[in-house]
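Next up is a structure, given as structure tokens.
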Amino acid sequence: MSKKMIDEATASEPAAPGESPFPDAASAWQTAKSIDLGDIVGAEGRVGRTKTGELTLWVTRFRLLSKSLRPPPEKWHGLTDVEQRYRKRYVDLLANAESRRLFLLRARIIDYIRSVLRRRGFIEVETPVLQPIYGGAAARPFTTHHNTLDTQLYLRISPELYLKRCLVGGLERVYEFARCFRNEGISPRHNPEFTMLELYQAYGDYHDMMEITEEIIGGAARDVIGSTKIKFGEREIDYTTPWPRRRYADLFLEYVGLAIDDVAAIRERAAQHFARKQITLDPAKADDAVVIGAMFEHYVEHHLVNPTFVIDYPAPLCPLTKRHPTDPRFALRFEVYMNGMEMGNAYSELNDPKIQHETFSAQLRGEDDTMAVMDDDFVEALEYGMPPAGGLGIGIDRLCMLLTGNESIREVLLFPLQRQSPSEVQESNG
RNA sequence: GAGGGCGUAGCUCAGUCGGUAGAGCAUCGGCCUUUUAAGCCGUUGGUCCUGGGUUCGAGUCCCAGCGCCCUCACCA
């Protein structure tokens, strides 16, 4: 009955058996027998050993603190049904020590990141989740409505444009663990709501962001998980820093086999390959950069298993990024990939209001969603003068997946979104 | 959204060729009196995901729906 307490009790000096709070043995056992598995009890007594040598608690005072009305899952197998583990996470946590350990690790990873940023002089801020204009990423938003203001609002797809407003205001090193919402498909790597760390450093650039990325992720592997080599599925990923910096165009040439400026050949190749796959993009109707981006995603990304910085993206794909000073076809942006998955995204931030106004106005053909939704107030903010800055975003859920070896994002979310079960539908309609 | 797999007791799972719904653990009742999931004996427990169909007869076969998982697409 009190196994849990005994497990967690700190062993002290052994006590002699035989001390009892109960008038007689019969009433003691009667009380003990009324306790069910799952009840929470408080007990005091001496830690000791039984005659067979097992650690035990010789109880002198005993009280029922909470009654369990439902039987817990079987002790040996625990709760293994995936759907039940997600829907009834409290039962999963109760029954499976591994599940509790995982969320403890997640908390430690986040603590670790905060400690890195605190050491570097960043302050944590909170910016709006409800936004009148959504931006900072290319995704479909959730739409909602405020009754009193009678206005349409969006759940943020990114905190970027607000964090940069903080830079304008002189908060020179800011970060936010931003819950973001994207009205897109659900997959083992995508949940409609997810947590993104975004940070901005005035007078920094994307090279500084690479250093911070290495410190955050490489350091979390080393200090929280305890190793810079971590298994993920069949693979082992090596987080030892520094990580390679590879130019986008070079990787494109290496894995697609075509020079990035050979647009005619790329379009021909894209037409062949996308026709056979179930890809919605029609290369004939898309801008060059969109076709190149799609080819990169399908032919390069999955090769990037160990942490790799992909640097210098085609400029049209980067409406919020500074152009390369010597070659304006490219932007000072990197994405960091691990296990073929995008884990982070960073720029030397565009701070020229005129260029920002232009990139907001330019609509790329072939993209379902655009990063470039005109935000006049943001442009006005830039007109006050935003310091040159490096900005970085890291997908916290995905980072937790990789560091803890979980292949589904739902495993690292306490309460992943599930469709309403039939009983829930009945209740909410009734 | 498309394709594939799965759904049986509170939990973990069997269920043959279509022929009375099963086990272990949990519950409950005894016995025992200190266990590293599980002491012994006994007992209870079912919308076989839902709804149709085929059949003398469906957990099993067929159709539709719901939910979960995987792959693909949008996306990070």
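Throughout, protein chains are lettered first and strands after them, A, B, ... in sequence-line order, and every chain is numbered starting at 1.
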Quiz item: Which part of the nucleic acid, if any, lies within reach of A:F194 when heavy atoms closer than 4.0 Å are counted: base, sugar-phosphate only, or nothing?
Solution: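 Answer is base: heavy atoms of A:F194 come under 4.0 Å of a base.
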Practice problem: Determine the contact category for A:N191: base if any of its heavy atoms lies under 4.0 Å from a base atom, sugar-phosphate if only primed atoms, P, OP1 or OP2 are that close, otherwise nothing. | Solution: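 Contact class for A:N191: base.
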Quiz prompt | Distance between C1' atoms of B:A26 and B:C13 (Å, rounded) | solution =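 After rounding to an integer number of Å, I get 14 Å for this pair.
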Self-check item: Nucleotide paired to B:A37 in any strand shown, Watson-Crick or G-U, under 3.5 Å
Solution: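 For B:A37, the partner nucleotide comes out as none, under the 3.5 Å rule.
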Exercise. Would you indicate, yes or no, if B:C74 has its OP1 or OP2 atom less than 4.0 angstrom from a side-chain nitrogen or oxygen of A:R140?
Key: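 No, outside the criterion.
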Practice problem: Just name whichever nucleotide pairs with B:C32, Watson-Crick or G-U, keeping both distances under 3.5 Å, else none. | Solution: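 Here B:C32 is not engaged in any pair, so there is no nucleotide opposite it.
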Practice problem: Pick base, sugar-phosphate or nothing for A:G185, based on heavy-atom distances below 4.0 Å to the nucleic acid. | Solution: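 Base: the residue A:G185, judged by heavy atoms under 4.0 Å, touches a nucleobase.
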Quiz item: What is the pairing partner of B:C72, taking Watson-Crick or G-U wobble pairs with both distances under 3.5 Å in any strand?
Solution: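 Paired with B:G1.
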Quiz item: Hey, does A:R410 reach any base, or is it just sugar-phosphate, or nothing, if we go heavy atoms under 4.0 Å?
Solution: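 Contact class for A:R410: sugar-phosphate only.
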Quiz item: Should B:C11 form a Watson-Crick or G-U wobble pair with both distances under 3.5 Å, which nucleotide is its partner?
Solution: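 Its partner is B:G24 (Watson-Crick or G-U wobble, both distances under 3.5 Å).
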Shorter than 3.5 Å, N or O on both sides, protein versus nucleotides 9-13 of chain B: list them out with atom names.
{"unit_1": "B:C11", "atom_1": "O2'", "unit_2": "A:E74", "atom_2": "N", "d": "3.3"}
{"unit_1": "B:C11", "atom_1": "O2'", "unit_2": "A:G78", "atom_2": "O", "d": "3.0"}
{"unit_1": "B:U12", "atom_1": "OP1", "unit_2": "A:T80", "atom_2": "N", "d": "2.9"}
{"unit_1": "B:U12", "atom_1": "OP1", "unit_2": "A:T80", "atom_2": "OG1", "d": "3.2"}
{"unit_1": "B:U12", "atom_1": "OP1", "unit_2": "A:D81", "atom_2": "N", "d": "2.9"}
{"unit_1": "B:U12", "atom_1": "O3'", "unit_2": "A:T80", "atom_2": "OG1", "d": "3.4"}
{"unit_1": "B:U12", "atom_1": "O2'", "unit_2": "A:H77", "atom_2": "NE2", "d": "3.4"}

Quiz item: Mind checking the P distance from B:C11 to B:C49? Whole angstroms is fine.
Solution: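 Those two atoms are separated by 13 Å.
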Quiz item: Who does B:C56 pair with, Watson-Crick or G-U, both distances under 3.5 Å?
Solution: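 Across all strands, the one nucleotide that pairs with B:C56 is B:G19.
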Quiz item: So, is A:R419 near the phosphate of B:C68, with a side-chain N or O under 4.0 Å from OP1 or OP2?
Solution: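 Yes.
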